[in-house]
Protein chains: 2
Amino acid sequence: MNKRRITSKELAKLAGVSSATISRAFSPDSRIGSATRDRILSVAREHGYQPNAIARSLNNQRSRLVALVVNAIGNPCEAEEQQLLVHRLQARQLLPIILCCADHDDRLQLMRLASTYQVDHVVVFSDMVSMQDAVDIFHTTKPIIVSFEPLDNENVSNIRIDGAAAADEIIEKIVNDGKKRFAYLSGTKSSWIDKLRRKWFADALARRGMAIEAEAFGDYTYDSGFKEAVLLLHRSKVDAIICGNDVMAIGARDAARRMLGKNTPDDIAIVGQDGIAMAAWDCNDLTTLSLDHVAFIDAVVELIERHDADLPGPHSITLTCNARWGSTA
Amino acid sequence: MNKRRITSKELAKLAGVSSATISRAFSPDSRIGSATRDRILSVAREHGYQPNAIARSLNNQRSRLVALVVNAIGNPCEAEEQQLLVHRLQARQLLPIILCCADHDDRLQLMRLASTYQVDHVVVFSDMVSMQDAVDIFHTTKPIIVSFEPLDNENVSNIRIDGAAAADEIIEKIVNDGKKRFAYLSGTKSSWIDKLRRKWFADALARRGMAIEAEAFGDYTYDSGFKEAVLLLHRSKVDAIICGNDVMAIGARDAARRMLGKNTPDDIAIVGQDGIAMAAWDCNDLTTLSLDHVAFIDAVVELIERHDADLPGPHSITLTCNARWGSTA
DNA sequence: CATGATTGTGTACACGATTACACAAACAGA
DNA sequence: TCTGTTTGTGTAATCGTGTACACAATCATG
């Protein structure tokens, strides 16, 4: 039952050819008689033979593995994009290796581990890993690194996100509704992308002679959104909270309603960011700064394909966000 | 910049030893002088050398890769467990390859692709893939297959889930609350695990001389829960809906409230399954048949470790579910 | 000091594929 | 028929490790 996998040499003997010919039968553009190929493929099917990808990778210098560096799998804000990307990679016969970043030491060690597998590409979705670390770890091999944080390095490609206009629209509406005092609830203290997002809203407020009056830091989870919103609303009289992502926004909405009896959008305006599916659920109906997930993953895949085929081209793609209106602001 | 990765032979020259000694310096239990090892490790660090895992796998017949077969990444019911498992694998220097099952053709081809990478273990969380298919594809290599669906095969290990007692508790309470007519909203039409879950509740009802009166089939998503609940409530007068998972239960709750003006738990009782974190959020507060995620993943990891170390032992672990009470039933 | 065990290192091969090169057979064109 | 090209296949080297085996040096023991 636990039979060993058959090798190309063994199959060669069975088919009465050399192992080189076996290899040729499996590579589409190689010189081989069509009768021979058919015979080999049929014998291969019969014995369940498939070329060993590990051996091929060693020879090819090409593993067809992609490292996917993410914060968490469970967090819905990333999950939809992860899901989409995994599908697209698989359709291209690329296998994703998931690297989940928990705490700081892990992260680097994990990336080093993955780098020993000679991954062809690296996609960094996590904002908890510095691009410089990633480049240092992967620079000896050829992977491209796709991420938000720009870095001037020939191996790094970027997806740039522009949410300034959408943030302006959202602020416009909230201000028109009579809200005056804004708080910003960040997802992390130190991440590059979080600072960028905050700036969009801060600029939109500045344009109207206003500013972010209160600030708090969570960790992108519902619980942190809930807890920080409670503290925030107790220590300052804000009537609008912009949150670092949708999940925290839902937590903040629940906290306002449950702990302070404040309802959206009359007593308080709450805005999320990401535009996850859950934000549109009837029970949430969140106003959020949304990024088109399909367009985003299209861009990532395009950068990867460009690199895979050694095509030159710009190393940066810019996407713009949209406001998605719900009943919370 | 795009420097090639250094090989053991090159490092050997730099350190003035043979490449075999390099290899020994990196395997903890091999005969090597400690002075030599220290010198090699220091030179290695200096030049950024790390053994090539692909070459090692080829030689070892051991890839340290684990195929993780899942339905979807975005679906929260699996995501928490996926997250936990990935962490635990990484702590053991095992790298997970994610296989996402979209439609059926993909699935088999995807598993075949992964099998060419000589994965050491296979974990099947997806209920959309038949265990027999998995065994057929991976039987030539040595992976163990961990999953719910039992299959009498020496290569398959199982996690058995027992929710009968908890389902009984939940039904007990709902019946005591005066509810009389139960519907079951399945997650899929054909999955093994879904049938099992349905049976727990059907048996609990039968013990009280009752039965499932209406039935519908969704696909584990919020939208399907919402839509099917609307149809269900229009075509039959049920006052309790047991759902295949928590996400559908939230959808069903929203549908009842929004489309029919029925509130939980007075007008209708709604029960989920899985016990995901989101179910406990203040805005959801779902009553659900919950499985301890940590215990579940502990069990999966134990089966994998047992197999990794070639230890004998039972190929099956049974876990029992608990009722988690919320305000929806 | 003689002998046997232990330690440390190098040599050579295996892992399973791909591919440059060589070469025979078939075929084309004069 | 002779020459030159094309086609199909085998031989052998390669990718970067790990390890069985051999062997010299060191150590323990009487």
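Note on naming: letters A, B, ... go to the chains in the order of the sequence lines (proteins, then strands), and numbering restarts at 1 for each one.
At the phosphate of D:dT17, OP1 or OP2 sits under 4.0 Å from a side-chain N or O atom of B:Tyr49. At D:dT17, one or more side-chain N or O atoms of B:Ser8 fall inside 4.0 Å of OP1 or OP2 (strictly under the cut-off). Under 4.0 angstrom from either OP1 or OP2 of C:dG16 there lies no side-chain N or O belonging to A:Thr7.
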Taking only nitrogen or oxygen atoms into account, show me every contact under 3.5 Å that the protein makes with nucleotides 6-10 of chain D, one pair per line with its distance.
from: D:dG8; atom 1: N7; to: A:Arg31; atom 2: NE; distance (Å): 3.3
from: D:dG8; atom 1: N7; to: A:Arg31; atom 2: NH2; distance (Å): 3.0
from: D:dG8; atom 1: O6; to: A:Arg31; atom 2: NH2; distance (Å): 2.7
from: D:dT9; atom 1: OP1; to: A:Thr36; atom 2: OG1; distance (Å): 2.5
from: D:dT9; atom 1: OP2; to: A:Gly33; atom 2: N; distance (Å): 3.0
from: D:dT9; atom 1: OP2; to: A:Thr36; atom 2: OG1; distance (Å): 3.2
from: D:dG10; atom 1: OP2; to: A:Ser18; atom 2: N; distance (Å): 2.9
from: D:dG10; atom 1: OP2; to: A:Ser18; atom 2: OG; distance (Å): 3.1
from: D:dG10; atom 1: OP2; to: A:Thr21; atom 2: OG1; distance (Å): 2.6
from: D:dG10; atom 1: N7; to: A:Arg24; atom 2: NH2; distance (Å): 2.7
from: D:dG10; atom 1: O6; to: A:Arg24; atom 2: NH1; distance (Å): 3.4

Protein-nucleotides 24-27 of chain C N/O pairs closer than 3.5 Å?
none

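When rounded to the nearest whole Å, the span between CZ of B:Arg62 and P of D:dT19 equals 11 Å. In this structure, A:Gln118 atom CD and D:dG16 atom P are separated by 9 Å, rounded to whole Å. Across the protein-nucleic acid pair, A:Lys9 atom NZ and D:dA12 atom C1' stand 11 Å apart, rounded to whole Å. In this entry the distance linking CG of B:Asp29 with P of C:dG8 reads 14 Å, nearest Å. For the pair A:Tyr117 OH and D:dT17 P, the computed distance is 13 Å after rounding to whole Å. Nucleotide C:dG16 holds its C1' atom 9 Å from the CG atom of A:Leu58, rounded to whole Å. To the nearest angstrom, P of C:dT19 lies 9 Å from CZ of A:Arg56. Rounded to an integer number of Å, the gap from CD of B:Gln61 to P of C:dA17 is 11 Å.
A:Asn59 contributes a side-chain N or O that forms a donor-acceptor pair with the base of D:dT14 under 3.5 Å.
In this structure a side-chain-to-backbone donor-acceptor pair under 3.5 Å is missing from B:His121 to B:Val119. At distances below 3.5 Å, not a single donor-acceptor pair connects side-chain atoms of A:Asp106 with backbone N or O atoms of A:Cys101.
Taking for each of B:Asn60 and A:Ser27 the nucleotide of DNA chain C with the nearest heavy atom, the 5'-most of the two is the partner of B:Asn60.
The closest side-chain heavy-atom distance from B:Glu46 to B:Leu11 is not below 4.5 Å. Using a 4.5 Å heavy-atom cutoff, the side chains of A:Lys9 and A:Lys13 are not in contact. Contact of the B:Trp192 side chain with the B:Ser130 side chain is not registered, since no non-hydrogen atoms from C-beta on lie closer than 4.5 Å. Proximity of A:Leu84 to A:Glu80: side-chain heavy atoms (C-beta onward) are nowhere separated by under 4.5 Å.
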